[in-house]
There are 2 protein chains.
Amino acid sequence: MKTLASPSFRPLYDQIKILITQSLIAGEWRPGDAIPSEIELANRFHVSQGTVRKAIDALAAENILVRRQGKGTFVASHSQERATTRFLRVSPDSASGEFPGSEFLSVTRARAPELTLRLLDLRAGASIHIIRRLLKFAGKPAILDEIHLPSSLFKGLDESVMRSHKGSFYGYLEGQFGITMIRAEERIKAVAADAVHAELLHVQQGAPLLCVDRVAYTYGDRPVEWRRGLCVTEECSYINEVT
Amino acid sequence: MKTLASPSFRPLYDQIKILITQSLIAGEWRPGDAIPSEIELANRFHVSQGTVRKAIDALAAENILVRRQGKGTFVASHSQERATTRFLRVSPDSASGEFPGSEFLSVTRARAPELTLRLLDLRAGASIHIIRRLLKFAGKPAILDEIHLPSSLFKGLDESVMRSHKGSFYGYLEGQFGITMIRAEERIKAVAADAVHAELLHVQQGAPLLCVDRVAYTYGDRPVEWRRGLCVTEECSYINEVT
DNA sequence: GAGTGGTCTAGACCACCCC
DNA sequence: GGGTGGTCTAGACCACTCT
């Protein structure tokens with residue numbers, strides 16, 4: 001089982017990785033499911049277990065799959081306790097990492113603005129859902145989010161269902177629409193609060209806020225969400241590891 | 001070559017990884033040097049090449065070693081073109097990633113304040129160097145840094161040598177003191193510029209700034225630098241990938 | 001051609017989980 | 001006990017770099 005033409009050589013484990021990713025995109029295995037064992041996959045793809053292992057290792061390193069010794073390999077899910085807070089890099093300076101309270105301010109539809117259009121790779125005139133919400137740490141307003149989701153991918157997004165959902169927002173999207181976020185790119189600036197922000201976040205107008213712009217991607221590096229978060233950082237910080 | 005006691009089992013490749021790290025700490029190989037080949041290391045440690053390979057893979061994933069096919073495995077260095085900007089997560093919104101100009105404002109010695117003491121794991125009363133500098137993008141002030149370094153580790157830190165150093169600050173520390181930064185933890189807030197910041201950064205007093213606090217670590221996860229950067233983000237952003 | 005890292009395989013055995 | 005992932009090994013061969 002080898003055809004290693006020299007120009008544009010692609011390792012087998014890389015091809016296996018792509019095949020597994022395609023099964024994930026196709027929904028062959030859903031978040032939380034176990035995928036077939038390494039031996040089964042090796043048989044299916046006609047490669048050795050070691051090659052499958054290397055492909056799975058790569059996907060596990062990207063938090064797309066989760067290995068559990070003795071049990072199997074599972075599709076990462078936002079409803080797993082471990083993952084609910086993975087994308088929330090802001091946390092209170094003191095006190096434990098309680099899950100923040102979420103208050104939805106509005107859910108509307110609109111044509112995507114130019115920025116969203118470009119970043120989510122949408123065709124001109126595309127419709128999006130716009131969700132505005134307020135996150136609170138220990139009851140105090142902390143983050144004001146504006147979230148843009150393409151209507152085509154999130155058909156029938158329902159405000160009342162969303163409100164009543166327990167757990168993280170991405171957990172809701174995963175359960176309701178079968179779309180799992182696997183990574184995001186963020187750009188952060190410091191801005192001054194305008195009158196609207198100030199009132200909602202209980203700060204003075206002109207107060208410094210973190211402005212976190214995010215594009216989130218699902219399987220196959222497909223961008224599916226844009227959001228802007230405005231964050232009061234008097235009692236919390238954006239935490240990051242640089243490697 | 002195996003002694004796999006059940007309780008507190010430690011894989012061989014993990015032990016090899018520690019041995020390699022210890023050689024790095026001991027300075028057996030310097031940044032930019034090639035380390036011995038996988039086969040040589042396998043012989044030295046009495047394990048198979050595959051086990052050495054896995055240890056090196058882990059260190060390469062942490063940017064401590066750099067593999068180059070056909071040539072060897074090298075100790076990562078801050079003077080390598082690739083790495084000079086690795087820890088600088090702020091970059092201009094438009095224009096290419098030019099290396100920012102650096103202007104040193106002052107270099108002093110002092111007793112470490114409580115915060116630095118605690119974060120760098122120093123004993124009470126320890127002396128530090130305090131370096132204040134201004135980074136500029138395209139000639140415009142962008143980041144005001146205050147850097148704390150333990151005097152004990154950076155003996156004879158020389159202002160004029162530092163000023164004349166070409167390349168990154170960490171490249172200077174590596175070349176001059178043999179201390180290589182391998183990772184850092186950052187905490188980010190939005191703050192308002194005070195009078196001093198405002199003048200140096202050419203902004204209005206009260207203007208929003210990013211405040212980036214960093215602890216940087218060298219081999220063996222030893223904290224050796226604390227710094228605070230205040231950044232004007234009108235024309236640049238802190239960029240981060242969340243995975 | 002010699003030496004390096006990179007891929008792939010096959011097999012043995014260990015650690016963990018659950019029935 | 002049987003299944004799963006995890007470790008370790010030995011060997012064959014490929015891709016890349018330099019001489």
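The sequence lines fix the lettering, A, B, ..., with proteins before strands; numbering per chain opens at 1.
In this structure, Q49(A) atom CD and dT7(D) atom P are separated by 13 Å, rounded to whole Å. Y13(A) places its OH atom 17 Å from the P atom of dC14(D), with the value rounded to the nearest Å. Between the NZ atom of K17(B) and the C1' atom of dT7(D) there is a distance of 16 Å, rounded to whole Å. Put simply, NE2 on H46(A) is 16 Å from P on dC8(C), counting in whole angstrom units. Q69(B) places its CD atom 6 Å from the P atom of dC16(D), with the value rounded to the nearest Å. Whole-Å rounding puts the R68(B) CZ to dT4(C) P distance at 15 Å. Straight-line distance from the CD atom of Q15(A) to the C1' atom of dC8(C): 12 Å, rounded to whole Å. Note: CG (L12(B)) to P (dA10(D)) measures 12 Å, nearest angstrom.
Side-chain nitrogen and oxygen atoms of R53(B) include none within less than 4.0 Å of the OP1 or OP2 phosphate oxygen of dG5(C). Here T51(A) does not reach the OP1 or OP2 of dT7(C): none of its side-chain N or O atoms lies under 4.0 Å away.
A salt bridge links D93(B) with R187(A); the closest basic N to acidic carboxylate O contact falls under 4.0 Å. Ion pair E38(B)/R67(B) flagged as a salt bridge, since at least one NZ, NE, NH1 or NH2 atom sits closer than 4.0 Å to an Asp/Glu carboxylate oxygen. Of the charged side-chain nitrogens involved, at least one lies within less than 4.0 Å of a carboxylate oxygen, so that E62(B) and K17(B) count as a salt-bridged pair.
For P11(A) and T73(B), each mapped to the nucleotide of DNA chain C holding its nearest heavy atom, the one lying further toward the 5' end belongs to T73(B). Between G70(A) and D57(B), the residue whose closest nucleotide on DNA chain C is further toward the 5' end is D57(B).
The side chain of F9(A) lies closest to dT7(C) when the candidates are dG5(C), dT7(C), dG6(D). Closest to the side chain of S48(B), out of dG5(D), dA15(C), dA10(D), is dA10(D). Picking from dT9(C), dG6(C), dC18(C) the nucleotide with the shortest atom distance to the side chain of K71(A) gives dC18(C). Distances from the side chain of R67(A) to the nucleotides dA10(C), dG5(D), dT9(D) place dG5(D) closest.
The aromatic ring centres of F87(A) and H78(A) sit less than 6.0 Å apart.
Atom CZ of R44(B) is surrounded by more than 12 heavy atoms from other residues, nucleotides or ligands within 6.0 Å.
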Q | Verdict with reasoning, D221(B) to R183(B), per salt bridge (Lys or Arg N to Asp or Glu O under 4.0 Å) | A | CA-CA 8 Å; D221(B) 260 324; R183(B) 53 174 284 268; 2.4 Å; yes
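Remark: S37(A), E38(A), E40(A) in residues 33-43 of chain A come within less than 4.0 Å of DNA chain D through at least one heavy atom.
Note on ring orientation: taking the six-membered ring where Trp is involved, the planes of F169(B) and F104(B) are tilted (angle from 30° to 60°).
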